[in-house]
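Just so you know, ligand 1 is whichever comes first in the structure, and atom 1 is the first atom listed for that ligand. Every value quoted in this text rests on a predicted model; they were computed, and no experiment measured them. Numbers here are sequence positions counted from 1.
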Amino acid sequence: VNDRARLTEIVGPANVLADDDMTAGYRQDWTGRFLGPSTVVVRPGTTDEAAAVIKACAETSTPVVPQGGNTGLVGGSVPLSGEVVLSLTRLNRIEPVDAAGGQVTADAGAAIAAVQHAAAQAGWAYGVDLASRDSATVGGTIATNAGGLRVLRYGDTRAQLVGIEAVLANGDIVTSLPALFRNNTGYHLPSLLCGSEGTLAVITKARLRLVPPAPHKSAALLRFATTDDAAAAAGQLRRGLASLAAVEFFLQAGLDLVCETFALAHPFAAATEGAYLLVEAASDRDPIEHLAAAVNALDGVADVAVATDSHTRAALWRYRELHTESINHVGPPHKLDVAVPVAALAELVARVPGVVHAIAPTAKTWLFGHAADGNVHINVTGLDPDDDRVDDAVFRLVADLGGSISAEHGIGTAKRRWLPLARTPAEIAAFRALKRAFDPAGILNPHVLLPDERR
Ligand code: FAD
Ligand code: MLT
Ligand code: ZN
């Protein structure tokens with residue numbers, strides 16, 4: 001593969017992996033659905049090394065897949081066509097927090113949990129949180145514009161992004177990491193690279209906005225008889241609870257699976273059906289009274305469990321956060337992360353199982369997500385990895401409901417053929433023009449995001 005000796009000169013022999021056993025973890029995605037063939041993994045330790053690797057690959061027209069924590073869920077981080085993997089995890093420094101400005105500069109390979117920790121040590125907080133926090137990286141979350149559990153309160157990753165350093169497809173480095181709050185000077189590269197899924201440039205550093213900490217937290221797990229009631233309650237909580245920090249959603253089948261997989265006690269032992277909301281309030285003073293009043297005002301609540309201390313809160317969160325891992329235990333899922341208008345959430349949840357069943361009667365459907373944002377994670381197990389008939393039918397239903405085929409995970413390779421359901425021909429033409437401008441030789445993640453032009 002290309003000039004391995006040259007890559008070894010740049011990053012040293014310990015950081016060029018070619019042995020199949022050594023590269024296995026970089027070639028397979030987190031779900032186990034996507035696996036790439038034998039290839040080389042290169043692990044630069046500095047931005048200059050990353051730039052030299054890209055320059056070398058550009059000279060030999062060698063395609064490259066940038067990779068962070070490899071927790072992506074759309075097959076965008078693995079070398080499905082034998083591309084070279086550029087792993088950024090050795091770039092993991094976090095500079096001292098700018099405590100006065102409430103910002104921090106972090107390397108692309110730093111884990112989100114490490115950024116959260118650094119922010120907390122300086123009396124600040126980072127607004128993005130997701131269950132993959134220990135592995136997902138700054139660069140990967142920017143490249144996918146990750147959402148997560150706090151979008152409702154602080155916005156997505158794009159909303160945190162102040163500046164960026166990146167390596168362009170020719171090996172040039174662009175740096176804009178100003179310690180500024182305002183900087184209105186033309187095209188905003190951080191916004192453009194955010195959500196570009198490794199197709200326009202390799203992110204090597206970012207300047208991130210921090211948020212004030214909200215150290216007092218209370219959570220409640222609510223059971224409703226119907227998804228309609230749960231969806232209505234999510235809307236009411238957004239209006240009625242100023243300290244609202246998260247409203248997460250799951251169903252009885254997912255809860256049962258989590259309890260079985262991780263040997264957890266059921267929160268409401270007698271309940272055999274229902275739609276659940278995990279609600280968290282966070283503030284600079286104890287939010288429990290406001291949370292209790294807001295919950296009391298809701299219609300259709302069948303059961304409530306409240307957590308005021310961190311131990312019980314963590315126990316409630318486990319029912320939600322362990323969905324992803326539990327579903328993976330059933331088998332490699334098709335992960336259809338979609339968004340619909342909040343008013344259509346209950347209809348989507350009601351219709352999806354029938355759509356799946358009509359195509360794949362033995363497949364299982366699991367539904368959970370970020371209720372207040374209209375973001376539903378539709379997971380289907382029991383399908384062949386390459387059989388995308390269910391994906392197609394579900395995405396068409398979502399489009400009919402005025403929704404989006406990706407709420408937060410991105411397009412990757414898994415959804416690229418359906419991009420026209422979410423974007424107009426003129427938008428896709430503009431995307432292609434950007435891709436050509438940034439990466440004329442098409443070496444950066446060439447099989448990701450944009451639909452294949454030959455299809
Ligand atoms: P990777 O998986 O390594 O890469 C993802 C994409 O970014 C690929 O296209 C890759 O080429 C590109 N990329 C990576 N690094 C760079 C870089 N430095 N420069 C340019 N391109 C790069 N996602 C959510 O949005 N919300 C959630 O709540 C959420 N929860 C999750 C929970 C679990 C348990 C798991 C396993 C995943 C979850 N995810 C979630 C998905 C995943 O964690 C996010 O997509 C995350 O942003 C990926 O980060 P990563 O560092 O692992 O990137
Ligand atoms: C989540 O919200 O838990 C994630 O996006 C992961 C998933 O969809 O499985
Ligand atoms: Zn999610």
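- Ordered by chain and residue number, the residues placing a heavy atom less than 4.0 Å from ligand 1 are Trp30, Pro66, Gln67, Gly68, Gly69, Asn70, Thr71, Gly72, Leu73, Gly76, Ser77, Leu88, Ala108, Leu130, Ala131, Ser132, Ala136, Thr137, Gly139, Gly140, Thr141, Ala143, Thr144, Ala146, Gly147, Gly148, Glu197, Gly198, Ala201, Val202, Ile203, Thr324, His370, Glu408, His409, Asn445.
- Listed by chain and number, Leu73, Arg320, Thr324, Lys335, Phe368, His370, His377, Glu408, His409 each place a non-hydrogen atom less than 4.0 angstrom from ligand 2.
- The aromatic rings of His377 and His409 lie parallel to each other, their planes meeting at an angle below 30°, with 60° marking the opposite boundary.
- The existence of a salt bridge linking Arg150 and Glu280 is confirmed by a sub-4.0 Å separation between a basic side-chain nitrogen and an acidic carboxylate oxygen.
- Of all heavy-atom pairs spanning Ala119 and Tyr126, the tightest one is CB-N, 4.0 Å.
- Taking a 6.0 Å sphere around NZ of Lys364, one finds it holds 12 or fewer heavy atoms contributed by other residues, nucleotides or ligands.
- In this structure, a donor-acceptor pair under 3.5 Å is present between the side chains of Ser38 and Asp20.
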Report the C-alpha distance between Arg43 and Glu49 in whole Å, list the side-chain angles of each, state the deciding distance to 0.1 Å, and finish with yes or no for salt bridge (charged side-chain N to carboxylate O under 4.0 Å, His left out). CA-CA 9 Å; Arg43 304 187 306 174; Glu49 285 183 8; over 6 Å; no
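- Of the residues listed (Asp392, Asp452, Asp391), the one engaging Arg417 in a salt bridge (Lys or Arg N to Asp or Glu O under 4.0 Å) is Asp392, and it is the only one.
- The Zn ion (ligand 3) has His370 NE2, His377 NE2, Glu408 OE2 as its protein N, O or S neighbours under 2.8 Å.
- Between the side chains of Ser176 and Glu165, not a single donor N or O lies within less than 3.5 Å of an accepting N or O.
- The minimum heavy-atom distance linking Val128 with Ile112 is given by the pair O-CG2, 3.9 Å.
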Carefully, step by step, assess Gln160 and Arg209 under the rule side chain to side chain donor-acceptor pair (under 3.5 Å). CA-CA 5 Å; Gln160 327 303 322; Arg209 189 190 314 283; 5.5 Å; no
Could you go through residues 246-256 and list every donor-acceptor pair under 3.5 Å that involves a side-chain atom there, pairing it with any protein atom two or more places apart or in another chain?
unit_1, atom_1, unit_2, atom_2, d
Glu248, OE1, Arg320, NE, 2.8
Glu248, OE1, Arg320, NH2, 2.9
Glu248, OE1, His370, ND1, 2.9
Glu248, OE2, His370, ND1, 2.8
Gln252, OE1, Glu273, N, 3.4
Gln252, OE1, Tyr276, OH, 2.6
Gln252, NE2, Asp256, OD1, 3.0
Asp256, OD1, His266, NE2, 2.7

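- Closest approach of Leu277 to Ala371, counting heavy atoms only: CD2-CB, 3.9 Å.
- Counting heavy atoms of neighbouring residues, nucleotides and ligands inside a 6.0 Å radius, atom CZ of Arg153 exceeds 12 of them.
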